[in-house]
Amino acid sequence: MTSEKKPADEPLYTPPPNFIKDVVKADLAAGKHAAVRTRFPPEPNGYLHIGHAKSICLNFGLANEFGGACNLRFDDTNPTKESVEYVDSIKADVRWLGFSWDGEPRYASDYFEQLYEFAVKLIKLGKAYVDSLTAEEIREYRGTLTEPGKNSPYRERGVEENLDLFTRMRAGEFPDGTHVLRARIDMAHPNIVMRDPAIYRIRHAHHHRTGDAWCVYPLYDFTHCLSDMIEGVTHSICTLEFENNRELYDWVLDTLHTPCHPRQYEFARLNMTHTVMSKRRLIQLVTEGHVAGWDDPRMPTISGMRRRGYPPAALRTFCERIGVSRSENRVEFALLEHCVREELNRNAPRVMGVVRPLKVVIENYPEDQVEWFEFPFNPEDPAQGSRQLPFSREIYVEQDDFREEAPKKWFRLAPGAEVRLRYAYYLTCTGVVKNADGQVVELRATIDPESRGGWTKDGRKVKGTLHWLSAAHALPAEVRLYDLLFPMENPMGAEEGRTFTDNVNPESLTIARGFVEPSLAEQKPGFICQFERVGYFCLDPDTVKDELVFNRTATLRDTWAKIEAKG
RNA sequence: UGGGGGAUCGUCUAGCGGCAGGACGAUGGGUUCUGGCCCCAUUAACCGAGGUUCGAAUCCUCGUCCCCCAGCCA
């Protein structure tokens, strides 16, 4: 029995479980916290990508699902790499994804004074000291993965001397690199992170928010846990590579006897086929000019996907479908594309767009006649309305829809073949016009007047339906056809002597000169639609008056291509 | 070779001692004025070897493979 209906009170959709939700649920049930508080803590040193979207959806999603709050906090402790440009783009991207952070954005730099006081306290506790070894020496003293490190000669400096030195570090008495504040833990610790990690370094650098107020800046391990604590974060969620740092996270909070102690949980970062995800590599693609910028529609950045026409809801759905676990993964690009199509199929209006035009002259249609036909914006959803489109003697169809020699199972246009022009007439190809090179440049055809509106009373079967445009009324458009940035699943799998940028797909962008229906003249950049039978397209910001520029967001699934590929 | 993690259909993921389930993909079919959407079906997995148990993906032991850590980056 497959036709049983679900009871009305059963939810249609339940968000999938994951191990972090389990923890949150258990903590809430145990009364460990009054409410959950998470945070998304990007460093403003680059643009956000789809991997960040996973973290954003997780952190904000947890807050939403369990009635808590999520902070946006910029981890801005490295002034030489960070900038307001990145801060602004990150805020815009999070908002665009559909999330609202609790209160104002937070900045680790807002906590610099408190952090400094905590450092002083650590010194007074005898748990931190000023080291005056060079960076090089510190590395040598650290030992290796298999050998213990050894103590710095400065490790036994007294509290007063440390206090004095640290004060003078802050006061700007020393040049960069001369001293560093280190936690005093254990140079023989099996976890290298715990071998007296540096927590403050001298950097005479201008900070994008604090200006020149500071010349000592705290490091990640010291800053992050305390920032979480200050904000009352309950669950501090990060990626797997910070697993080793958790021990230090806990050490700092325990040693300082802080009023609360957030717990860190790690999940596996997102990897995807056919792209790269690390900040360093994305920067390289931009600076070496392999793409046009951070928001190039081929980039896995949030801004790139936005420009490509991916709806935020599709990204959210994607993040939910990929799940959250602790195992290494490489998600297929096809899943992302599926989520995009699913969303766009529901919402994108259908329009007529011909990407590679082929002119057809309808010999039995009067030269000066124009008829208007009604086209629904979405045949499956009448609520989306309709518009009128003109038909005339000369039209454009898609080059791909004509074959001089029809292969097996071909039911598009070919000499002598009859097809349907969507919502208009049945059309039969009666002749082919070629240029000197033998290329087909124009078709001759006739229509069946009885088929007006796109159907006939005799119920004759016409399998192929084509999109088309009245040549005289069509708007010219530049159409940017995007494909995979890298043809192979793993771009990093380059052979010896080559690097991943050598793998950039030379056909990841091809530009076509096409036409679109006149109703699109007034649309604004960001407008997303479906060119019927072709794909989803989005009006690009490069659009200027009389020169529409469309980005191909995604193709439609192409069953014919598969049939033909199989022979 | 120190320490910390991870291995379930092609891919992602569920499972918490009791019928290995879902999604994507692939394949076949139905429907169709988009070769789209939708619908149906098929495909296909517990890293290995032992052990505990009436019963193990799950618990134990021993292996194998993969990832992370030696920044004054995050």
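First the proteins, then the strands, lettered A, B, ... as listed; each starts at 1.
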(message) Could you check B/G48 for me: syn (within 90° of 0) or anti?
(response)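 Anti for B/G48; the angle lies over 90° from 0.
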In whole angstrom, give the distance that lies between atom [atom1] of [X] and atom [atom2] of [N].
| X | N | atom1 | atom2 | answer |
| --- | --- | --- | --- | --- |
| A/Asp186 | B/C69 | CG | P | 21 Å |
| A/Arg269 | B/C66 | CZ | C1' | 17 Å |
| A/His189 | B/G3 | NE2 | C1' | 9 Å |
| A/Glu147 | B/C69 | CD | C1' | 16 Å |
| A/Arg330 | B/U13 | CZ | C1' | 17 Å |
| A/Met277 | B/C12 | CE | P | 13 Å |

(message) For A/Thr80 and A/Asn78, which I'm curious about, is there any donor-acceptor pair between the side chains at under 3.5 Å?
(response)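 A/Asn78 and A/Thr80 do have a side-chain donor-acceptor pair below 3.5 Å.
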(request) Would you check if there is a donor-acceptor pair between the side chains of A/Glu532 and A/Gln530 at a distance under 3.5 Å? (result)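 Result is no, nothing qualifies.
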In terms of side-chain heavy atoms of [X], which of [options] is nearest?
| X | options | answer |
| --- | --- | --- |
| A/Thr146 | B/G2, B/G35, B/U13 | B/G2 |
| A/Ala334 | B/G35, B/G6, B/C24 | B/C24 |
| A/Leu335 | B/C24, B/A70, B/G35 | B/C24 |
| A/Arg326 | B/G35, B/U27, B/G5 | B/G5 |
| A/Glu380 | B/G4, B/G36, B/G2 | B/G36 |
| A/Glu332 | B/U11, B/G35, B/U34 | B/U11 |

(request) For A/Arg412 and for A/Lys562, locate the closest nucleotide of RNA chain B by heavy-atom distance; then report the residue assigned to the nucleotide nearer the 5' terminus. (result)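 Its nearest nucleotide lies further toward 5', so the answer is A/Lys562.
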(message) Assuming nearest nucleotide by heavy-atom distance, tell me which of A/Gly143 and A/Pro190 is located more 5' along RNA chain B.
(response)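 It is A/Pro190, whose closest nucleotide lies nearer the 5' terminus.
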(message) Tell me whether the count of non-hydrogen atoms from other residues, nucleotides or ligands lying under 6.0 Å of CZ in A/Arg170 goes above 12.
(response)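 Counting other residues, nucleotides and ligands, CZ of A/Arg170 exceeds 12 neighbours.
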(message) For the NZ atom on A/Lys127, are there more than 12 heavy atoms of other groups (residues, nucleotides or ligands in this structure) within a distance under 6.0 Å?
(response)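 No, not enclosed.
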Rounded to whole angstrom, note down the [atom1] distance from [N] over to [M].
| N | M | atom1 | answer |
| --- | --- | --- | --- |
| B/G3 | B/A45 | P | 37 Å |
| B/A74 | B/C67 | P | 26 Å |
| B/U58 | B/C47 | P | 8 Å |
| B/U42 | B/G50 | P | 34 Å |
| B/C59 | B/G18 | P | 11 Å |
| B/A57 | B/G21 | C1' | 13 Å |
| B/U53 | B/U61 | C1' | 16 Å |
| B/G6 | B/G10 | P | 23 Å |

Produce the list of close N/O pairs, under 3.5 Å, pairing protein atoms with atoms of nucleotides 71-74 of chain B; give distances to one decimal.
{"from": "B/G71", "atom 1": "OP2", "to": "A/Arg142", "atom 2": "NH2", "distance (Å)": "2.9"}
{"from": "B/C72", "atom 1": "OP1", "to": "A/Arg142", "atom 2": "NH2", "distance (Å)": "3.3"}
{"from": "B/C72", "atom 1": "OP2", "to": "A/Arg142", "atom 2": "NH1", "distance (Å)": "3.2"}
{"from": "B/C72", "atom 1": "N4", "to": "A/Leu133", "atom 2": "O", "distance (Å)": "3.2"}
{"from": "B/C72", "atom 1": "N4", "to": "A/Ala135", "atom 2": "N", "distance (Å)": "3.2"}
{"from": "B/C72", "atom 1": "N4", "to": "A/Gly177", "atom 2": "O", "distance (Å)": "3.1"}
{"from": "B/C73", "atom 1": "OP1", "to": "A/Arg203", "atom 2": "NH2", "distance (Å)": "2.8"}
{"from": "B/C73", "atom 1": "OP2", "to": "A/Arg201", "atom 2": "NE", "distance (Å)": "2.9"}
{"from": "B/C73", "atom 1": "OP2", "to": "A/Arg201", "atom 2": "NH2", "distance (Å)": "2.6"}
{"from": "B/C73", "atom 1": "OP2", "to": "A/Arg203", "atom 2": "NH2", "distance (Å)": "2.6"}
{"from": "B/C73", "atom 1": "O3'", "to": "A/Arg201", "atom 2": "NH2", "distance (Å)": "3.4"}
{"from": "B/C73", "atom 1": "O2'", "to": "A/Asn78", "atom 2": "ND2", "distance (Å)": "3.0"}
{"from": "B/A74", "atom 1": "OP1", "to": "A/Thr77", "atom 2": "OG1", "distance (Å)": "2.5"}
{"from": "B/A74", "atom 1": "OP1", "to": "A/Arg201", "atom 2": "NH2", "distance (Å)": "3.2"}
{"from": "B/A74", "atom 1": "OP2", "to": "A/Tyr220", "atom 2": "N", "distance (Å)": "3.0"}
{"from": "B/A74", "atom 1": "O3'", "to": "A/Asp75", "atom 2": "OD2", "distance (Å)": "3.4"}

Using a cut-off of 4.0 Å on non-hydrogen atoms, how would the nucleic acid contact of [X] be classed: base, sugar-phosphate, or nothing?
| X | value |
| --- | --- |
| A/Lys461 | nothing |
| A/Glu328 | sugar-phosphate |
| A/Tyr217 | nothing |
| A/Leu181 | nothing |
| A/Ile322 | sugar-phosphate |
| A/Glu266 | nothing |

Using a cutoff of under 3.5 Å, can you pull out all pairs of nitrogen or oxygen atoms linking the protein to nucleotides 14-20 of chain B, with atom names and distances?
{"from": "B/C16", "atom 1": "N4", "to": "A/Asp22", "atom 2": "OD2", "distance (Å)": "3.4"}

(request) Look at the side chain of A/Asn244 against the base of B/G3 and say whether a donor-acceptor pair falls under 3.5 Å; ignore hydrogens and angles. (result)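 Check passes, donor-acceptor contact within cut-off.
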(message) For a quick check, tell me whether the side chain of A/Arg350 and the base of B/U34 share a donor-acceptor pair closer than 3.5 Å.
(response)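 Between B/U34 and A/Arg350, which were checked side chain against base, a qualifying N/O pair under 3.5 Å is present.
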(request) Please name all residues satisfying salt bridge (charged side-chain N to carboxylate O under 4.0 Å, His left out) with A/Glu241, sequence neighbours left out, ordered by chain then number. (result)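 Checked A/Glu241 against salt bridge (charged side-chain N to carboxylate O under 4.0 Å, His left out); matches are A/Arg269.
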(request) Could you list the residues that satisfy salt bridge (charged side-chain N to carboxylate O under 4.0 Å, His left out) with A/Arg142, not counting sequence neighbours? (result)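 Once residues adjacent in sequence are excluded, A/Arg142 has no partner under the salt bridge (charged side-chain N to carboxylate O under 4.0 Å, His left out) criterion.
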Restricting to non-hydrogen atoms, name the atom on [X] and the atom on [Y] that form the minimum distance, rounded to 0.1 Å.
| X | Y | value |
| --- | --- | --- |
| A/Lys54 | A/Gly323 | CE-O, 3.6 Å |
| A/Ile447 | A/Pro449 | O-CD, 3.4 Å |
| A/Met229 | A/Phe118 | CE-CZ, 3.6 Å |
| A/Glu43 | A/Asp75 | CG-O, 3.4 Å |

(request) Can you tell me which stems RNA chain B forms, taking runs of 3 or more consecutive Watson-Crick or G-U pairs with both distances under 3.5 Å? (result)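 Consecutive-pair runs (3 or more) involving RNA chain B: B:2-7 with B:64-69, B:10-13 with B:21-24, B:25-30 with B:38-43, B:47-51 with B:59-63.
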(message) Check whether A/Tyr107 forms a cation-pi arrangement with A/Arg209 (NZ or CZ under 6.0 Å from the six-membered ring centre, at most 45° off the ring normal).
(response)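 Output yes; distance and angle both within limits.
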(request) May I ask you to check if A/Arg420 and A/Tyr425 form a cation-pi contact, with NZ or CZ under 6.0 angstrom from the six-membered ring centre and within 45° of the axis? (result)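 That pair does not qualify as a cation-pi contact.
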(request) Could you tell me which residues satisfy side-chain contact (heavy atoms from CB on, under 4.5 Å) with A/Pro407, sequence neighbours excluded, listed by chain and number? (result)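 For A/Pro407, the residues satisfying side-chain contact (heavy atoms from CB on, under 4.5 Å) (neighbours in sequence not counted) are A/Arg403, A/Trp410, A/Trp560, A/Glu564.
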(message) If we check side chain to side chain contact (heavy atoms under 4.5 Å, CB included) with A/Phe537, which of these qualifies: A/Leu344, A/Val351, A/Leu481?
(response)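 It is A/Leu481, the one option of A/Leu344, A/Val351, A/Leu481 that forms the side chain to side chain contact (heavy atoms under 4.5 Å, CB included) with A/Phe537.
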(request) Compare side-chain N and O positions of A/Arg346 against OP1 and OP2 of B/C37 and report whether any pair is under 4.0 Å apart. (result)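 No, no such contact exists.
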(request) Please check the phosphate of B/U34 (OP1 and OP2 only) for any side-chain N or O of A/His467 closer than 4.0 Å. (result)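 The answer is no; no side-chain N or O of A/His467 sits under 4.0 Å from OP1 or OP2.
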(request) Taking A/Arg330 for its side chain and A/Met272 for its backbone only, find out whether a donor-acceptor pair lies under 3.5 Å. (result)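 Checking the backbone N and O of A/Met272 against the side chain of A/Arg330, a donor-acceptor pair under 3.5 Å is found.
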